[in-house]
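Just follow the structure's listing: the first ligand is 1, and inside any ligand the first atom is 1.
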Amino acid sequence: MFLLLEGGLLVLGLAVPLTLASDLYSPKSNLIRATGYNDTFQARCLAFNPLDLVANATVNAHEFVTAGTTLLFPDNDATCARPSQTVSVDVCRIALNISTSSTSGLLAESWFPSNWTGRFLTLGNGGIDGCIKYEDINYGAMNGFVAIGSNNGHNGTGGLAFYHNDGVVEDYAWRSIHTITEVGKKLTNSFYDATFNHSYYLGCSGGGRQGIKAAEMFPNDFDGIVVGAPAVNFNNMTSWRASFFNKTGAANSTNFISAATWSGLIHNEILKQCDTIDGVADGVIEDPELCHFDPTPLGCEAQSNATSCLTPAQVQIVREVFSPLYGASGELVFPAMQPGSEQAATQKMYNGTPFSYSLDWFRYVVYQDPTWDDTHFSTADITAAQALNPFNVQTWPSDLSSYTGASHGGKLLVYHGQQDQQITSFNTPRFYARLLQGMNLTHTEMDSVLRFFRISGMTHCNSGPGPWMIGQATIGAVSSNDTVGVGFDPKSNVLAAMVDWVENAHPPDTIEGTKFVNDSQAAGVAFKRRHCRYPYRNTFMGGDSTLPDSWTCVLDG
Ligand SMILES: *[C@@H]1O[C@H](CO)[C@@H](O)[C@H](O)[C@H]1NC(C)=O
Ligand SMILES: *[C@@H]1O[C@H](CO)[C@@H](O)[C@H](O)[C@H]1NC(C)=O
Ligand SMILES: *[C@@H]1O[C@H](CO)[C@@H](O)[C@H](O)[C@H]1NC(C)=O
Ligand SMILES: *[C@@H]1O[C@H](CO)[C@@H](O)[C@H](O)[C@H]1NC(C)=O
Ligand SMILES: *[C@@H]1O[C@H](CO)[C@@H](O)[C@H](O)[C@H]1NC(C)=O
Ligand SMILES: *[C@@H]1O[C@H](CO)[C@@H](O)[C@H](O)[C@H]1NC(C)=O
Ligand SMILES: *[C@@H]1O[C@H](CO)[C@@H](O)[C@H](O)[C@H]1NC(C)=O
Ligand SMILES: *[C@@H]1O[C@H](CO)[C@@H](O)[C@H](O)[C@H]1NC(C)=O
Ligand SMILES: *[C@@H]1O[C@H](CO)[C@@H](O)[C@H](O)[C@H]1NC(C)=O
Ligand SMILES: *[C@@H]1O[C@H](CO)[C@@H](O)[C@H](O)[C@H]1NC(C)=O
Ligand SMILES: *[C@@H]1O[C@H](CO)[C@@H](O)[C@H](O)[C@H]1NC(C)=O
Ligand SMILES: *[C@@H]1O[C@H](CO)[C@@H](O)[C@H](O)[C@H]1NC(C)=O
Ligand SMILES: [Ca+2]
């Protein structure tokens, strides 16, 4: 092994012979600008000059990286929790610092695989990040895409960089994704001396919002957009997330409900009331919209065992947690948390501390007051957040026909985990209904441009007790020690499904999710289940519930 310092970044290489990928790559013309190299992919990588093509940028890293190398990022913000990334295939890595305004700039990370498919992929971020998702960039590259992501205009998971800096807020709201997409496409076409054929986007949560924003503002940027748990209706969603601290109270308050009670007593009662609505007692509620959970049976007055019951005030807290958030005049702000997510929600939403993404957004963007806290969160805060809506971060379009219409023909694949503990899955049907109405389409017509899959048994973007692996990114395609995972098959991988839709006009009717034993491929498949596109509902037909064919997608009358 050797260490070298390159562009300020430590690179850890494995002492394996370089795989010069000339056999995988046949340049269409002689692009090699430097002398002294053979016409190999490595030579092409090192001879390429990105600054010929990108204005107001500096190079942070530029290197040929062989498959199996582990890159180290010692300078990466610690809150991003991404100190390293193993690279799965030979790539040319180009990282640029690109200025976006006089007060802002972004770090773009682009990987050009030697075995290129002619496809281009932009990767999104999450939360109010600030974090390059190296693992998703690797996921794109290992499947033959040029893959580009960024730090979204600031470093880390916090929001301090937004404070008194509109440039950084604008990068977050829309500019970062558009900038790296334009830059990435230019670099791609020049790097390979061949024009890319198709352009894709992949992101979840905050990254889901970024994908919808791209469709809204820059309809020509992508041919296929895959988004999970999109953080659309962003302003009200931020308020909704802030409201939980006020609902649960602080962790030391008298009626605070412990994680153990949420995960045991309350979760068990929810399963008791709702798990078998779909016909199978498996801990997975196929459609939480059918679950009208009533906490009354948990009240101490209704229980003989006073050590495992809720006080009247706690019953009321549970009721509020599972109620929609309303504004001052009773108007809907954001739909209710869906039942089934409570175990995962104890980590952040119900832990008796303010939800950090919302806290930072109110502090550094809405009020520009670092001392603000959400102890007394009220409808006035909801109104203030909505009124500010910087750079239309809201992302709540009623019409995406400039993207989906005949002139461009873009496709959208949306998925949402039905046990999402951070963005209720009830928000996405509302978004879907808004588009149906705004675009004047029936759901059958919408099927030709946008398909929305409800992923039962999946928490926020990934994980959960159900068949949640759908190729949504590295997590969700392969588990940490696995190399194949669900593979790149359109029937079980959302990104592959999008490629098949865009390039072969085969839209996915279902997405087959996989649940590995302990989420480990090596331990074997626990079960698979096909997830239906909205508004179809997954329905058990009898037989062995672990077999996909025991279920079918049904449209209610
Ligand atoms: C170029 O290829 C020749 C023959 O294959 C080899 O001997 C030489 O070391 C190579 N040079 C470089 C810079 O890779
Ligand atoms: C580069 O930066 C300068 C000065 O900030 C600005 O005027 C110019 O528009 C930028 N160019 C591009 C292509 O962004
Ligand atoms: C962001 O982090 C990178 C290292 O990943 C560092 O080089 C850069 O200076 C940081 N930018 C800011 C604005 O702190
Ligand atoms: C990126 O460029 C900005 C100016 O646009 C500069 O302040 C910053 O230090 C640069 N960061 C890196 C990592 O080069
Ligand atoms: C190159 O990519 C194609 C298509 O993605 C794949 O079938 C092939 O096995 C890859 N070849 C190598 C050597 O990785
Ligand atoms: C784009 O698609 C065409 C037709 O399938 C193919 O011939 C060409 O090689 C592709 N280009 C790239 C860069 O893959
Ligand atoms: C709870 O903790 C906060 C902050 O640590 C403190 O200010 C408050 O007095 C405590 N409340 C109770 C009821 O103990
Ligand atoms: C009462 O509930 C506690 C906690 O769930 C349990 O350990 C205990 O066995 C229960 N007692 C009876 C009599 O059911
Ligand atoms: C956001 O909340 C306000 C109440 O403050 C409400 O009037 C508005 O309709 C909500 N917007 C959406 C898209 O839910
Ligand atoms: C929630 O906010 C309201 C309105 O400001 C306040 O009266 C109440 O004390 C808060 N509740 C908690 C538990 O923080
Ligand atoms: C909506 O579509 C229907 C059926 O295509 C059509 O009859 C109607 O005029 C459309 N309405 C609007 C407002 O475009
Ligand atoms: C992955 O492999 C390492 C080393 O063999 C092991 O320590 C770790 O527990 C494994 N992780 C999983 C999720 O199986
Ligand atoms: Ca069930």
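- Relative orientation of the Phe191 and Phe41 rings is perpendicular, given thresholds of 30° and 60° on the angle between their planes.
- Looking at Phe245 against ligand 10, nothing comes within 4.0 Å, counting heavy atoms.
- Under the 30°/60° scheme for interplanar angles, the aromatic rings of Phe73 and Tyr134 are found to lie parallel.
- Numbered from 1 in the order shown, with element, the atoms of ligand 3 that lie under 4.0 Å from a heavy atom of Asn155 read 1 (C), 2 (O), 3 (C), 8 (C), 10 (C), 11 (N), 12 (C), 14 (O).
- In this structure, Lys186 has no salt bridge (charged side-chain N to carboxylate O under 4.0 Å, His left out) partners at least two apart in sequence or on a different chain.
- Close approach of ligand 3 to Leu107 is summarised as follows: ligand atoms under 4.0 Å from at least one heavy atom of the residue are 1 (C), 2 (O), 3 (C), 5 (O).
- Numbered from 1 in the order shown, with element, the atoms of ligand 10 that lie under 4.0 Å from a heavy atom of His376 read 2 (O), 5 (O), 6 (C).
- Side-chain atoms of Asn462 and Gln472 form no donor-acceptor pair, as typed in the model, at a separation below 3.5 Å.
- For Phe391, the CZ atom sits in a packed shell: over 12 heavy atoms of surrounding residues, nucleotides or ligands are nearer than 6.0 Å.
- Under the 30°/60° scheme for interplanar angles, the aromatic rings of Phe488 and Phe145 are found to stand perpendicular.
- Looking at Asn255 and Thr311, their side chains do bring a donor and an acceptor atom within 3.5 Å of each other.
- Between Phe244 and the choices Phe355, Tyr350, Trp262, the ring pair (Phe, Tyr, Trp, His ring centres under 6.0 Å) rule is met once, by Tyr350.
- Atoms of ligand 3 lying under 4.0 Å from any heavy atom of Asp75, numbered from 1 in the order shown and given with element: 4 (C), 5 (O).
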Report the C-alpha separation of Asn389 and Asn235 in whole Å, then their side-chain angles, then the decisive distance to 0.1 Å, and conclude whether the side-chain hydrogen bond (donor to acceptor under 3.5 Å, both in side chains) test is met. CA-CA 7 Å; Asn389 186 27; Asn235 299 301; 3.0 Å; yes
Pairs under 3.5 Å, nitrogen or oxygen of ligand 7 with protein nitrogen or oxygen:
from	atom 1	to	atom 2	distance (Å)
ligand 7	2 (O)	Asn252	ND2	2.2
ligand 7	11 (N)	Asn252	ND2	3.1
ligand 7	14 (O)	Asn252	ND2	3.4

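- Neither the backbone nor the side chain of Asp77 comes within contact range of ligand 3; no heavy atom lies under 4.0 Å.
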